[in-house]
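Right, one structure below, let's go through it.
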2 protein chains.
Amino acid sequence: MKLSQRGEYALRALLVMGMNHGPGVIRIKDIAQQQNIPRRFLEQILNDLKSAGFVQSKRGVAGGYRLQRGPDEISLADIIRHLEGPLAPVGCVSVNYYQRCSCPDEGKCAIRSVMQEVRDAIVGVLEGVSVAHLCNRVRDLQGPLENPLDYVI
Amino acid sequence: MKLSQRGEYALRALLVMGMNHGPGVIRIKDIAQQQNIPRRFLEQILNDLKSAGFVQSKRGVAGGYRLQRGPDEISLADIIRHLEGPLAPVGCVSVNYYQRCSCPDEGKCAIRSVMQEVRDAIVGVLEGVSVAHLCNRVRDLQGPLENPLDYVI
DNA sequence: CAATACTTGACTCAAACAGTCGGGATTCTA
DNA sequence: TAGAATCCCGACTGTTTGAGTCAAGTATTG
């Protein structure tokens with residue numbers, strides 16, 4: 001699994017929304033400025049996250065984005081799977097994006113068996129971390145601040 | 001970490017050499033045929049593995065390749081690092097290919113701390129598996145065969 | 001209505017991937 | 001010592017992916 005720039009931006013944006021989770025929305029512009037993400041590019045990304053059901057949007061003057069589900073209901077595994085495709089290093093051990101490889105018998109392929117372990121290791125970490133967990137880590141790492149927007153992500 | 005076609009071919013080739021490890025060499029052509037790898041492409045790959053010190057070659061009529069070190073001295077982590085670059089999902093948690101990212105304080109970055117765990121999980125598996133281990137897995141998975149060349153990889 | 005924000009689709013530019021190819025250098029064997 | 005087998009090396013090509021950019025459109029609010 002390799003996290004692209006796009007993927008990193010997405011995580012950062014979701015984390016900002018997680019830290020400010022509530023009934024209100026946050027503008028793209030603010031996220032972009034705070035996180036130093038090209039605005040146009042971020043638009044594209046959030047749009048994608050929207051059609052995938054991770055966030056919802058409100059148009060018009062007081063518009064913006066917010067998480068669709070609660071921060072504790074979104075795992076990093078889900079997010080990254082959507083953004084980057086398979087978490088597994090090779091298609092033939094991917095559960096969600098399985099692709100048969102050329103070896104004659106997958107059950108007897110030693111390379112595959114190692115890659116299986118790698119996949120399980122990656123998934124093990126990423127399934128266990130939600131956006132809410134991430135937010136907690138931010139707070140743990142940075143101590144409590146007055147303004148939630150001051151959290152560095 | 002994502003394994004490219006090139007990387008998979010390399011692992012398969014090394015595994016063939018591991019299974020047939022001894023004083024003699026194996027021809028590119030044989031590996032290519034047995035493993036269904038485009039010969040010219042494999043040449044390129046083995047050349048690369050040679051200059052990286054994983055294999056050695058012999059030219060001329062009875063020429064070919066063999067592992068330079070013992071199969072137990074080559075870990076998958078080393079091989080993949082050479083072929084694919086960082087094992088870590090992001091540069092800022094890579095030990096061997098570290099690259100600073102744009103966040104203001106790495107020590108306080110929650111995303112980074114998760115990616116750190118992912119990296120450790122991946123490296124943990126891959127550092128622990130050598131070519132020799134892979135060979136043992138092949139034998140375990142397939143039972144003992146008469147002709148070592150019959151092992152499916 | 002005007003200003004503000006999100007929406008959509010197309011577009012560019014560079015790098016990475018997966019090979020392919022031609023010819024050169026060595027080594028063995030007859 | 002010629003010739004066949006084998007590795008060696010650099011250049012080339014076509015496709016895909018990544019990272020943005022841009023223009024014009026639609027909805028919302030004051």
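Per chain, numbering begins at 1; letters A, B, ... match sequence-line order.
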**Asked** C:dG19, C:dT27, D:dC8: which one has an atom nearest the side-chain heavy atoms of B:Val61?
**Response** C:dT27
**Prompt:** So, is A:Lys50 near the phosphate of C:dT7, with a side-chain N or O under 4.0 Å from OP1 or OP2?
**Reply:** yes
**Asked** Are B:Glu8 and A:Arg112 ion-paired here, with the side-chain N under 4.0 Å from a carboxylate O?
**Response** no
**Item:** Whichever of A:Arg59 and A:Phe41 has its nearest DNA chain D nucleotide further upstream toward 5'
**Value:** A:Phe41
**Asked** For B:Arg81 and B:Glu127, what are the C-alpha separation, side-chain angles and deciding distance, and is it a salt bridge (Lys or Arg N to Asp or Glu O under 4.0 Å)?
**Response** CA-CA 11 Å; B:Arg81 272 202 199 95; B:Glu127 293 276 25; 3.2 Å; yes
**Prompt:** Given D:dT28, C:dT27, D:dA23, which nucleotide is nearest the side-chain atoms of A:Arg40?
**Reply:** D:dA23
**Request:** Is it possible for you to say whether A:Val90 and B:Leu141 belong to one hydrophobic cluster, with membership spreading through side-chain heavy-atom contacts below 4.5 Å?
**Result:** no
**Prompt:** For C:dT7, does OP1 or OP2 lie under 4.0 Å from any side-chain N or O of A:Ser57?
**Reply:** yes
**Prompt:** Rounded to the nearest Å, what distance is computed from the CD1 atom of residue B:Ile45 to the P atom of nucleotide C:dG19?
**Reply:** 9 Å
**Request:** Looking at every strand, decide which applies to B:Ile28 at a 4.0 Å heavy-atom threshold: base, sugar-phosphate, or nothing.
**Result:** sugar-phosphate
**Request:** Using a 4.5 Å cut-off on heavy atoms from C-beta on, say whether the side chain of A:Val131 contacts that of A:Ile79.
**Result:** yes
**Request:** Take the protein atom CD of A:Gln33 and the nucleotide atom C1' of C:dA5, then report the distance between them rounded to whole Å.
**Result:** 14 Å
**Item:** Atom-to-atom span, CG of A:Leu3 to C1' of D:dG18 - whole angstrom
**Value:** 13 Å
**Side-chain N,O (B:Lys58) to OP1/OP2 (D:dT6) below 4.0 Å** = no
**Request:** Measure the distance from CG on A:Leu46 to C1' on D:dG20 and round it to the nearest whole Å.
**Result:** 15 Å
**Request:** Please state how far atom CD in A:Gln56 lies from atom P in C:dA5, giving the value in whole angstrom units.
**Result:** 19 Å
**Prompt:** Contact class for B:Gly60 vs. all strands (heavy atom < 4.0 Å): base, sugar-phosphate, or nothing?
**Reply:** base
**Message:** Using OP1 and OP2 only, check whether a side-chain N or O of A:Tyr9 sits under 4.0 Å from D:dA19.
**Reply:** no
**Message:** Between C1' on C:dA16 and CD on A:Gln5, what's the gap in Å once rounded to a whole number?
**Reply:** 16 Å
**Asked** Among the nucleotides D:dA23, D:dA11, C:dC6, which one has an atom lying closest to any side-chain atom of B:Gln44?
**Response** D:dA11
**Asked** In whole angstrom, what separates B:Asp30's CG from D:dT6's P?
**Response** 8 Å
**D:dC8 phosphate, OP1 or OP2, under 4.0 Å from B:Tyr65 side-chain N/O** = yes
**Request:** Following the transitive rule for hydrophobic clusters with a side-chain heavy-atom cut-off under 4.5 Å over Ile, Leu, Val, Met, Phe, Trp and Tyr, establish whether B:Leu15 and B:Val25 coincide in one cluster.
**Result:** no
**Message:** So if I take every side-chain heavy atom of B:Arg6 and compare against D:dC7, C:dA18, C:dG19, which nucleotide ends up nearest?
**Reply:** C:dA18
**Worked verdict on B:Glu84 versus B:Arg6 for salt bridge (Lys or Arg N to Asp or Glu O under 4.0 Å)** = CA-CA 9 Å; B:Glu84 314 274 357; B:Arg6 185 190 175 79; over 6 Å; no
**Item:** Closest listed nucleotide, where the reference is the side chain of A:Arg27 and the choices are C:dA25, C:dG19, C:dA5
**Value:** C:dA5
**Prompt:** Given that B:Glu84 and B:Arg39 both sit by DNA chain C, which one's nearest nucleotide is further toward the 5' end?
**Reply:** B:Glu84
**Message:** Quick check on C:dA16: is either OP1 or OP2 less than 4.0 Å from any side-chain nitrogen or oxygen of B:Ser4?
**Reply:** no
**Asked** So, is B:Asn47 close to the D:dC7 phosphate, meaning a side-chain N or O under 4.0 Å from OP1 or OP2?
**Response** no
**Request:** For B:Ala62 and for A:Glu43, find the nucleotide of DNA chain D with the closest heavy atom, then tell me which residue's nucleotide is more 5'.
**Result:** B:Ala62
**Request:** Measure from CD1 on A:Ile37 to P on D:dG20 and round the result to the nearest Å.
**Result:** 10 Å
